[in-house]
Amino acid sequence: MPKLRPLFPFAAVLVAALMPFAAAQAQENDTLAKIKASGSITFGYRESSFGFSYLDGNLKPIGYSLDICNRIVEAVKSELKMPAVEIKYQAVTSANRIPLVQNGTVDIECGSTTNLVERQKLVAFSPDIFRYNVRMLVKADSGIRSIADLQGKTVATTSGTTSFRLLREADRGRSLEVTNLAGKDHSDSFLLVESGRAQAFVLDDILLAGQIANARNPKDFIITGESLRTENQSLMFRKDDPAFKALVDRVVSGMMKSGEMEKLYAKWFMSPIPPKNININYPLNAETKEAFANPSSKGI
């Protein structure tokens, strides 16, 4: 009977071969090391998530989410003992935001992204910075006031969002016949309703409020209908990076406990903001108050 040769040397060679790959993967996900080496951090921002992340009159990214990210950079500088960290900006959309975080183009997305458990397989999230309801925007004189009123209508959603899926789930069993038109960003989706190509725009109610506030004739539009779901908004960054997540969680939770987050909320959602000095006028809701009182990034 031939003598069996032990497999241990082969296994040892295999492990040794995989070690450089594992080390490279860990380094790729080490955001703090990346910042230290490059001297910079890249923010992902949205161009038309008014209040959260959008462009001012000088095409500079500003908003509630950007302000929170700026506080995180201050903590990064302290952690790494760096006198300065250059902030670079990368525009993202609902469709490309996750891939750009995954591939390292964006270090942290300072936008308006829902923290979903299914997305946590791909990326990581901060504690919720906002909670809101998914509803619909329509023209005030449209007569549309509920999901049932959408029968035979065209509904706008933004490409890469969960809005149309939620509408379909809410309609389960009622066979609602609607046509979906996808805008490339929220302003594009709003334009579909404003121009009459769509009769409703389904999205987070706070983002809809921002679109109305910036419309030529805000009184022409209302937010109406049943809530399709209460969702939670968070900052997004690479997964499997415990050091960076710990720093982000510490900063965001600290801002909530100190009252700084509520002041920031008042600045962006209850006060006139650039570029038109329009007040979105969206009072702090009970869901967001609960998020501030009990910081969590568990997702939905």
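By convention here, the first residue in the shown sequence is residue 1. The figures that follow rest on heavy atoms only: side chains count, while hydrogens, waters and symmetry mates do not. The structure displayed is predicted, hence computed values, not measured ones.
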Inset, instruction - Would you check if there is a donor-acceptor pair between the side chains of T113 and R97 at a distance under 3.5 Å? - result: yes

Legend entry - Pairwise ring pair (Phe, Tyr, Trp, His ring centres under 6.0 Å) hits with a residue in residues 57-77, at least two apart: F52-Y64, Y64-F269

Legend entry - Side-chain donor-acceptor pair present, N294, E290, cut-off under 3.5 Å: yes

Inset, instruction - Could you tell me whether the side chains of Y132 and S227 share a donor-acceptor contact shorter than 3.5 Å? - result: no

Inset, instruction - State which residues pass ring-ring contact (aromatic ring centres under 6.0 Å, His included) with F201; sequence neighbours excluded, sorted by chain then number. - result: none

Inset, instruction - Indicate whether the side chain of S297 and that of D249 have a donor and an acceptor atom separated by less than 3.5 Å. - result: no

Legend entry - Exercise: do S49 and S112 side chains pair donor with acceptor under 3.5 Å: yes

Inset, instruction - Step through it carefully: locate the ring centre of Y45, locate the ring centre of Y54, and say whether they are under 6.0 Å apart. - result: no

Inset, instruction - Check the side chains of S187 and D185 for a donor-acceptor pair under 3.5 angstrom, ignoring hydrogens and angles. - result: no

Inset, instruction - Compute whether any side-chain donor of one residue and acceptor of the other, for D241 and T31, lie under 3.5 angstrom apart. - result: yes

Inset, instruction - Each residue besides I300 in its hydrophobic cluster should be listed here, by chain and number; the cluster joins Ile, Leu, Val, Met, Phe, Trp and Tyr at side-chain heavy-atom distances under 4.5 Å. - result: L116

Legend entry - Side-chain donor-acceptor contact under 3.5 Å, T158 with H186: yes

